[in-house]
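Each remark here refers to the structure printed beneath this line.
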2 protein chains.
Amino acid sequence: MPRKATSPPSGATTDAADQARPRGPESGSARQRVQMADIARMAGVSASTVSRALSGSPLIPEATRQRITELARSLNYQINVGAANLRKRDTRTVGVVLLGESLQAISDPFILSILGAVGDRLDELDMSLLLSRLKHGQPQQLAQRYDSGQVLGLIVIGQTGWHDELNRLAARGVPMAVWGACLSDALYPVVGGDNEQGGYLAASHLIRRGCQRIAFFGDREHPEVALRHQGYQRALAEAGLTADAALYLPYRFGDEGIRATVDAWLDGQPEFDAVFAASDVAAMATTAALGDRELRVPQQVKVVGYDDIALAGHLRPSLSSVRQPAREAGRALVDLLMEAADGSKHRTVMLPAVLVERESSR
Amino acid sequence: MPRKATSPPSGATTDAADQARPRGPESGSARQRVQMADIARMAGVSASTVSRALSGSPLIPEATRQRITELARSLNYQINVGAANLRKRDTRTVGVVLLGESLQAISDPFILSILGAVGDRLDELDMSLLLSRLKHGQPQQLAQRYDSGQVLGLIVIGQTGWHDELNRLAARGVPMAVWGACLSDALYPVVGGDNEQGGYLAASHLIRRGCQRIAFFGDREHPEVALRHQGYQRALAEAGLTADAALYLPYRFGDEGIRATVDAWLDGQPEFDAVFAASDVAAMATTAALGDRELRVPQQVKVVGYDDIALAGHLRPSLSSVRQPAREAGRALVDLLMEAADGSKHRTVMLPAVLVERESSR
DNA sequence: TTGAAAGCGCTAACAC
DNA sequence: GTGTTAGCGCTTTCAA
């Protein structure tokens, strides 16, 4: 009986090999996957040869390589990544961890655009992305994400409240890269925007537009926001203005109750002519709250947000914002992680902040 | 020299075990991870015992288990998931694949909220999430995501243009669950909103508000959108209205040029008094375009979107929208996947559509 | 150029 | 209860 090259795993060559491979205990049906030994048998070579052929080893002559590659493709064979990783003591999977107050922290569009950019870069490098979120209160979970050996390192998005744990990991030699503020005592590689400059740009722009009493919405406990606030203060100082404590409204990123926070603040009848919010989501909530009180944006109150999320241009009025380059951020995070994995000394990447002027501050 | 129990992996018991484990070829430094054999040696038991203890086998007496667990914790030991998976021929990782026109499809907030919900559910079940995106033109890549053996199955978000490939996978017995429309010939488990009902709710609401010429923005080539359009038509028919072809504007989800599309349509001076958009992002772009032409929402034109993204309530005017329950969707997707992996017959989950009335259609 | 054999870190029969 | 042994699917010496 003729043996077709593309017949399912079975065409054995020796009696010993002829016995059916034991089926797994799974209840499923077609769980049987073709594996390297099958290819080897069908190609009449050893598994080593198949392995070498598939990995493009120069030891294998082109003709053989072609034949084996073709056979593998026709069987839809894919190397078992787990087994290969185990043997090679290596993996091309990166752990991406979203840190936040709650699991819903994923809701900020900007965080997502960074995630997307990291994913794009990993795709380019033919690497995989293992995603997880962590909320406060379980610092050791971060290490576990690495210690279980599934990933070559961690890309961490968000650092507030995790700085110490991140330093601990870095000290242990865990390869990683963090999106956040460049804290002076960070032992880990950081990618972040130029927050001080961003704050400065936003505030000086508003001042140039004639604003004198610029409110700041954002939590200075948050390292990135603290820097934006410094830039804001620098711009005020340059203009001979001083920051009024009554114009500082702290709120946390991802806070669902942002609208209520803003409303409560407005109830206090503060005197102000502009708002600089530390995120676009907050700026949107603010604009909505102002509108409900018949305060016109930008005529009566000018608003500038932060991040320049994709939707910012689709708002009415469109939202002025300080752009953070998510695409570059993603690339830099991956690249710094790879450097860390190679054992290079850690470095920091600061990305430029650019003010995008739109209607809300016109 | 005294040997502390918490000293790093070394404290050997026999001469043979005393030789240092070979270091990997990695250039990094502290790559040496503690592993089961180390724990075993230090606890004076065999690796099997450690394995059993750590996995909570009833064979191991509580005291021993405690002792081993404690030792493992003190060394920050984590089981090597890859090795365990290989041996158990099992994995607790799920592949989540975002399908889209481009890799940037991740930009729609609603897709993200589903991703978040899937992540939450997987967390609850102590499973991991391997994320990847796929653009059109490489159908076989979807299968590869599974065949490489890293995941127990796939959760696929988006189905437009992939239906055949999805059916092919399902026929092969690949465990999966898909977010999309419940197509009649789908061989795979689907979770989706009640799109027909959603379209009906939106349109009949607008009609009740006095609208007569309701434009529909969305691509009927897209199965979910086609259903929403059917519901829209049903509502019109009930009211004795007919859909005017001039009031149909197709656009693709994730299209960055949505604003331009809407502007071009408006340039044609269409006669309309309402817009029902198949996504909130499109509804936002539409509202902005209308505003730029001095068309007041909702006074002159009422707008209803779809998805009820978190930002919808923060807009000015706040956006009426048909809510799709992302949280339930995520849970259902994971649960259907688990059923599929268990070999159950595939079923379909349709989630209710709820109209959230806000200012844009008041 | 190729194959045999060892072994990555773990789990599960099977024996004791 | 516990240890010994075999082996998950692959890669890589080493020898031919």
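Going from atom CD1 of B:Ile39 over to atom C1' of C:dG9 covers 13 Å, rounded to whole Å. Atom-to-atom, CZ of B:Arg87 to P of C:dC8 comes out at 16 Å; the value is rounded to the nearest Å. Atom P of nucleotide C:dG7 and atom CG of B:Leu86 are separated by 17 Å, given to the nearest angstrom. For the pair A:Met36 CE and C:dT2 C1', the interatomic distance rounds to 15 Å; values are reported in whole Å. Whole-Å rounding puts the A:Asn80 CG to D:dC8 C1' distance at 9 Å. Atom CD1 of A:Ile68 is separated from atom C1' of C:dT1 by 12 Å (rounded to the nearest Å). As a whole-Å value, the separation of B:Ile79 CD1 from C:dC8 P is 18 Å. Rounded to a whole Å, the CZ atom of B:Arg92 is 14 Å from the P atom of C:dT11.
Put simply, the side chain of A:Ser48 and the base of D:dT12 share a donor and an acceptor less than 3.5 Å apart. The base of C:dG3 lies close enough to the side chain of A:Arg52 for a donor and an acceptor atom to sit less than 3.5 Å apart.
With D:dT4, D:dT11, C:dT2 as the choices, the nucleotide that has an atom nearest any side-chain atom of A:Ala84 turns out to be D:dT11. Ranking C:dT2, C:dT11, D:dT12 by closeness to the A:Lys88 side chain, first place goes to D:dT12.
Using a 4.0 Å cut-off between a side-chain N of Lys or Arg and a carboxylate O of Asp or Glu, B:Glu339 and B:Lys345 do not qualify as a salt bridge. Here A:Asp335 pairs with A:Arg121 in a salt bridge; the nearest charged N to carboxylate O distance falls below 4.0 Å.
Partners of A:Thr348 according to the side chain to side chain contact (heavy atoms under 4.5 Å, CB included) rule, which considers only residues two or more places apart in sequence or in another chain, are A:Cys182, A:Val190.
For residues 68-86 of chain B, the set of pairs meeting the salt bridge (charged side-chain N to carboxylate O under 4.0 Å, His left out) definition, not counting sequence neighbours, comprises B:Glu70-B:Arg73.
There is no side-chain donor-acceptor pair under 3.5 Å between B:Arg92 and B:Ser128.
Using a 4.0 Å heavy-atom criterion, one finds that B:Thr49 contacts the sugar-phosphate atoms exclusively.
The phosphate of C:dC10 has OP1 or OP2 within less than 4.0 Å of a side-chain N or O from B:Tyr77. A close approach under 4.0 Å does not occur between any side-chain nitrogen or oxygen of B:Arg65 and OP1 or OP2 of D:dG1.
Mapping B:Ala47 and A:Thr64 onto DNA chain C via the closest heavy atom, the residue that lands nearer the 5' end is A:Thr64. Summary of the strand contacts: A:Ala83 and B:Pro58 both lie near DNA chain D, and taking for each the nucleotide with the nearest heavy atom, the more 5' one is attributed to B:Pro58.
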